[in-house]
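Step one of this worksheet: look at the structure below.
Quick note: numbers below take in every heavy atom, side chains included, and nothing from hydrogens, waters or symmetry partners. Because the structure is a prediction, the values reported are computed rather than measured. We name chains A, B, ... by the order of the sequence lines, and we start the count at 1 in each one.
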2 protein chains.
Amino acid sequence: MPGRLQRKAIDSLAGGDLADFKVGVDNVIFSVDTEQNRLLVLLVMRHDDPFLGYWSLPGTLVRHGESLEDAAYRVLSEKIRVENLYLEQLYTFGGPNRDPREAENSFGVRYLSVSHFALVRFAEAELIADGVSGIAWYPLSQVPTLAFDHNSILDYGYQRLRNKLEYSPIAFEVLPQTFTLGDLYQLYGTVLGPDFADYSNFRARLLKLGFLRDTGQKTSRGAGRPASLYCFDADAFEPCKDKPMVFI
Amino acid sequence: MPGRLQRKAIDSLAGGDLADFKVGVDNVIFSVDTEQNRLLVLLVMRHDDPFLGYWSLPGTLVRHGESLEDAAYRVLSEKIRVENLYLEQLYTFGGPNRDPREAENSFGVRYLSVSHFALVRFAEAELIADGVSGIAWYPLSQVPTLAFDHNSILDYGYQRLRNKLEYSPIAFEVLPQTFTLGDLYQLYGTVLGPDFADYSNFRARLLKLGFLRDTGQKTSRGAGRPASLYCFDADAFEPCKDKPMVFI
DNA sequence: GCAAAAGTGTTCCGACTACACCCATGC
DNA sequence: GCATGGGTGTAGTCGGAACACTTTTGC
């Protein structure tokens, strides 16, 4: 290892032994099909090397003057049309050799992926199919081997989803504007596995939190008593925003 | 915006409108001085432009063939000698213009910071002073205005510290190998603020978790009954690793 | 009427809170 | 003895788990 002063001198030559990076953004985009009771993730087919013909998470490389978040929103808007969505940064994967485009010895340009995590409403989300690129909602249980390290990223995103469900109101980003408590319960069951909690206790707990507003409307789905339609009341939630909270 | 196919053609020319990045790693390194009951963060003085003469988080730019985590460990090892430490990735800050070295129009090279969060044992940590570079433990309450967006990064790290204290056993990474339950209580008080919990309840809860082993040794510090020295039993903790857990 | 789904209530039990109280040591 | 900090115990209360029960619909 070169001495500290020597290294600094090298570094200041705007190159030296420092790696040059291209920065990518890869999005783990989840949605839930409440009809079919399935947790879905958005995948796109690759049409270029490397990993030509593999499915991958929708991603892009960051452009001049573009923030990481901007890039993440751009990928989303290129793939789906959606009104509301939730998006947050997930993790940055940046080991050498995670992308085959890097030269063998890692002395070429490096590829780094700042992954993001997004939730969209299934009914509102319209996939943008351009006739060329494959794009599809995959049930999480049927996801194939993906390009790059995208299976790891997906796993990480799924874990985040489960954690977030338990202590933050992200469920309402995936549900339609109005929903029944049964829908909400099903959503939790779909993500966390059935038997994650007793229905009537779940119900009581959520209502006690105080930010679910009964719209007065009812909905009837086949047999059984019609259910009240609720909506998430953001104003009522505001005061609890920074307090810890348990949903399950 | 150019059409999709056209954009792809441009991108494939290995340049186009894609930004080029240097990737930095900045570490929020915490420690706790149990004697003086203070939460400390490690800062270094900058000796180069930009922000010459400002304090900053210890950081470095990532080199060829080096992973993000490797780079984070390297910074640490250049600044302090320490046996055990805890380190995890925090967040990636990557907006354009966060670093004045970027050209005004952001069409030059961009600087991205993958921040990390570290905990070290105060007594074990020996600062490496090379006679040139300033380096110091700063009490969190006395941190000045830092270089770049490092104050934001520090805030983010402090929040992570407080969250982690509540549901994961990171406290034992900062405490000495053996410690009294009073030490542990004080540590929590130092970070979360006093009156975060009643002492005897805190005590009962921690002991019930089952991974604090009484070493049999006693320690006497001035007046008062001597306290038992405990240590963290990693084996006993293993089974609870993935279960939710509450420390406060 | 009966099945199905929504919605309500009640009992039990464990966990957390807030204290009061004993123990061992230095001075 | 008494101040100081370590350590134990307990009564009251809150909240979650389990489950029984009522209500409203379709058929």
Practice problem: Could you tell me whether A:Y138 atom OH has more than 12 heavy atoms of other residues or ligands within 6.0 Å of it? | Solution: yes

Can a donor-acceptor pair be found, under 3.5 Å and without considering hydrogens, that links the side chain of A:N201 to the backbone of A:D198? no

Taken to the nearest whole Å, CG/B:L184 to P/D:dG6 is 12 Å

Mind telling me whether A:F237 and A:F232 have parallel, tilted or perpendicular rings, with 30° and 60° as the class edges?
tilted

What residues 196-209 of chain B contributes to the DNA chain C interface at heavy-atom separation below 4.0 Å is B:D198, B:S200, B:N201, B:R205, B:K208

Parallel, tilted or perpendicular, judged at 30° and 60°: which one describes the rings of B:F148 and B:H150? tilted

Say whether B:T215 and B:T178, considering side chains only, have a donor N or O and an acceptor N or O under 3.5 Å apart.
no

(request) Establish, yes or no, whether the cationic atom of A:R160 lies under 6.0 Å from the six-membered ring centre of A:Y156 and within 45° of the ring axis. (result) no

So does A:L192 get a backbone contact from the side chain of A:R162, meaning a donor-acceptor N/O pair under 3.5 Å? no

Can you find a side-chain donor-acceptor pair between B:Y86 and B:E88 that sits under 3.5 Å? yes

Please list, pair by pair, any protein nitrogen or oxygen found under 3.5 Å from a nitrogen or oxygen in nucleotides 23-27 of chain D.
from, atom 1, to, atom 2, distance (Å)
D:dT23, O2, A:R225, NH1, 3.0
D:dT24, O2, A:R225, N, 3.2
D:dT25, O2, A:G224, N, 3.3

Atom OH of B:Y185 and atom C1' of D:dT4 are separated, to the nearest Å, by 16 Å

